[in-house]
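The block underneath contains the structure these notes are about, expressed in structure tokens.
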Number of protein chains: 2
Amino acid sequence: MNYSVVVVDDHFLLSQAIGGLVQEFKNFDVLYLCKNGQELLDKFENPKNIPDLVLMDIKMPILNGIETTEKLKKDFPDVKVLALSIEEDEYTILKMLRAGAKGYLMKDTKKDILEKALLEVIQNGQYYTNTVSKILMESIEKNIDTEIKDKELEFIKLACTDMSYKEIAETMFCSYKTVEGYRDSLYKKLGIKNRIGLMLFAIHHNIFTP
Amino acid sequence: MNYSVVVVDDHFLLSQAIGGLVQEFKNFDVLYLCKNGQELLDKFENPKNIPDLVLMDIKMPILNGIETTEKLKKDFPDVKVLALSIEEDEYTILKMLRAGAKGYLMKDTKKDILEKALLEVIQNGQYYTNTVSKILMESIEKNIDTEIKDKELEFIKLACTDMSYKEIAETMFCSYKTVEGYRDSLYKKLGIKNRIGLMLFAIHHNIFTP
DNA sequence: TTTTTAAAGGGGGAAATCCCCCTTTTTTTA
DNA sequence: TAAAAAAAGGGGGATTTCCCCCTTTAAAAA
């Protein structure tokens, strides 16, 4: 009996293509494809649709990979989640792992690595590449996970667009003064003095990719 | 006789997966896969390796999609290039089309659209989605004269550091008001509204590399 | 050589950003 | 459950940035 896999990705071409690859592997079958986390949870209402493993993208509309993985961890702890994303910043990767992902595949993954990762997650419960391990180590050294809060991260990404703080506040559904609070606290703890400095920080830490 | 296709993408998993999809289409065969533009040009030294169509990613190491497409246009004008990228800004899409790409596929492409695009490029010489057409129209309407003076270029580079304009003026040995002049003139002709916008422009145009 | 154009600099006001110090509410932790 | 910490929001002033409209001087074109 083969292991069942579900691919969740809003990127049609990718989910179809990756599904095709997985179907070729001899120990795996693709159960179905989903466009976002909500679609996956809806599917799970029928126990027949619960797979052994979910290949999960992170950036998705409606319900993203992190939230979805958290829900799965709570309600379906036996389903393994393997994050599979084009390119994300280290903070996002960290969040995904903390949410319960058993591994994280990067954009430079080869076909046989994907197969190896799938097998290892099924058999050993996890698969971490060197890159991911390095990020984990760095996060412990720098203890960045306590340094930058969720909302602050969201703010940083918006601060890397040409929006004014007023516009950012509207986008984040909070007051202008709250946004100023995020900014001031970041400037203080990162030792920067203006928005350009914040943007440079974001770029150097892969929070924002131009 | 089927049409031959080459996929150029530094993202292994993707190039393999997309290659797999294309191989399924009845009129197309995948000749080989490349990790970047240089690898493709090296391959082309043997005439047997010259395909009918290249599916080209834009952001790649060593030799990117734009530079590669320009070289192909010059040396191998019969090879059709179809840009296939996850998500890029308008300016990049425009550069790719100007470099000679016959079309541009976005991230929300479905399998059958890919097939349709491949066929159209082979048969009609081009395939433009609505999104791409819209960008093309806008670029004609705007037709910004992107002529950037020497001093302005120097200013842009300094504006990408966390210096204030006063500090930039000191660095450039000119008055604060002159620096403001450079800024105002750039904002006007580039259609941007603040320093973050200028920095984004600088990055997209390789004036500043973070 | 005159005319036009561009570069450098300036005035001044409006808006945005930066910086501290403060309160209230919610959440965590001991 | 009480104490501590974090999140959200605010006041207010200093500074910087943004945006027009203006003058002088140097360079280029007619």
Side-chain angles (χ1 to χ4, degrees), chain A residues 66-67 70 73-74 91-92 94-95 98-99 139 142-203 207-208, chain B residues 142-203 207-208:
Chain A
I66 293 164
E67 292 162 336
E70 275 167 357
K73 188 187 184 182
K74 201 168 120 262
Y91 298 97
T92 308
L94 226 51
K95 295 212 85 174
R98 214 175 302 133
S139 84
K142 285 193 264 174
N143 70 299
I144 45 180
D145 52 349
T146 47
E147 256 178 25
I148 293 178
K149 314 291 189 288
D150 226 34
K151 292 285 182 86
E152 286 174 347
L153 195 65
E154 192 190 343
F155 163 73
I156 294 177
K157 289 177 182 175
L158 292 171
C160 290
T161 70
D162 64 359
M163 272 191 253
S164 73
Y165 293 138
K166 207 162 77 186
E167 289 170 318
I168 291 176
E170 282 160 21
T171 307
M172 291 181 74
F173 299 109
C174 65
S175 96
Y176 170 73
K177 271 296 175 182
T178 303
V179 160
E180 282 207 306
Y182 297 147
R183 178 200 60 202
D184 292 351
S185 127
L186 282 167
Y187 281 16
K188 205 166 193 172
K189 67 180 159 195
L190 301 178
I192 51 183
K193 59 181 179 183
N194 57 34
R195 199 165 155 181
I196 298 289
L198 182 62
M199 191 162 169
L200 290 169
F201 173 87
I203 291 169
I207 292 169
F208 169 71
Chain B
K142 282 190 220 161
N143 77 297
I144 39 172
D145 66 298
T146 42
E147 225 189 334
I148 293 173
K149 271 70 175 178
D150 255 23
K151 291 282 182 87
E152 286 175 346
L153 200 65
E154 191 189 343
F155 162 73
I156 294 178
K157 287 175 183 173
L158 293 170
C160 290
T161 71
D162 64 0
M163 274 190 254
S164 72
Y165 293 138
K166 207 162 77 185
E167 290 170 316
I168 291 176
E170 282 162 21
T171 308
M172 290 180 75
F173 299 110
C174 67
S175 98
Y176 169 74
K177 272 296 174 183
T178 304
V179 160
E180 282 207 307
Y182 296 148
R183 178 200 60 201
D184 292 352
S185 125
L186 282 168
Y187 282 15
K188 207 164 191 173
K189 69 178 158 198
L190 301 178
I192 52 183
K193 59 181 180 184
N194 57 36
R195 200 166 155 179
I196 299 289
L198 182 62
M199 191 162 169
L200 290 169
F201 173 86
I203 292 168
I207 293 168
F208 169 71

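To find a chain, count down the sequence lines: A is the first, B the second, and so on, and within it residues start at 1.
Of the listed nucleotides (D/dC19, D/dA7, C/dA16), D/dA7 has the atom at the smallest distance from the side chain of A/Lys149. Candidate nucleotides C/dG10, C/dT17, D/dG9 were compared by shortest atom distance to the side chain of B/Ser175, and C/dG10 ranks first. When distances are taken from the side chain of B/Tyr165 to each of D/dT17, C/dC19, C/dA16, the shortest belongs to D/dT17. Among the nucleotides C/dC19, D/dT16, D/dG9, the one closest to the side chain of A/Thr178 is D/dG9.
In this structure, B/Leu186 places its CG atom 12 Å from P of D/dC18, rounding to the nearest Å. Rounding to whole angstrom units, CE of residue A/Met163 and C1' of C/dA15 are separated by 18 Å. Distance B/Lys177 NZ to C/dG13 P: 12 Å, rounded to the nearest Å. When the C1' atom of D/dT16 is taken as reference, atom CD1 of A/Ile192 falls 16 Å away, rounded to whole Å. Spacing between atom NZ of B/Lys151 and atom P of C/dG9 amounts to 8 Å, rounded to whole angstrom units. Rounding to whole angstrom units, NZ of residue A/Lys189 and P of C/dC19 are separated by 16 Å. Note: OH (B/Tyr187) to C1' (D/dC21) measures 19 Å, nearest angstrom. In this structure, CD1 of A/Ile196 is placed 15 Å from P of D/dT16, rounded to the nearest angstrom.
B/Tyr176 comes within 4.0 angstrom of a nucleotide base, judged by non-hydrogen atoms across all strands. A/Tyr182 comes within 4.0 angstrom of the backbone, heavy atoms only, and of no base. Within 4.0 Å of B/Arg195, counting heavy atoms only, lie sugar-phosphate atoms of the nucleic acid but no base atom.
At a threshold of 4.5 Å between non-hydrogen side-chain atoms, the residues A/Lys177 and A/Tyr165 do not count as touching. Side-chain atoms of B/Ile203 and A/Ile203, non-hydrogen and from C-beta on, do get closer than 4.5 Å to each other.
Rounding to the nearest 0.5 Å gives a distance of 13.0 Å between CD of A/Glu154 and CD1 of A/Ile207. In this structure, A/Ile156 CD1 and A/Lys149 NZ are separated by 11.0 Å, a value rounded to the nearest 0.5 Å.
Heavy atoms only, all atoms of each residue included: A/Leu190 and A/Leu198 are closest at CD1-CD1, 4.2 Å.
Toward the 5' end of DNA chain C, the nearer of the two residues B/Asn194 and B/Gly181, judged by each one's closest nucleotide, is B/Gly181.
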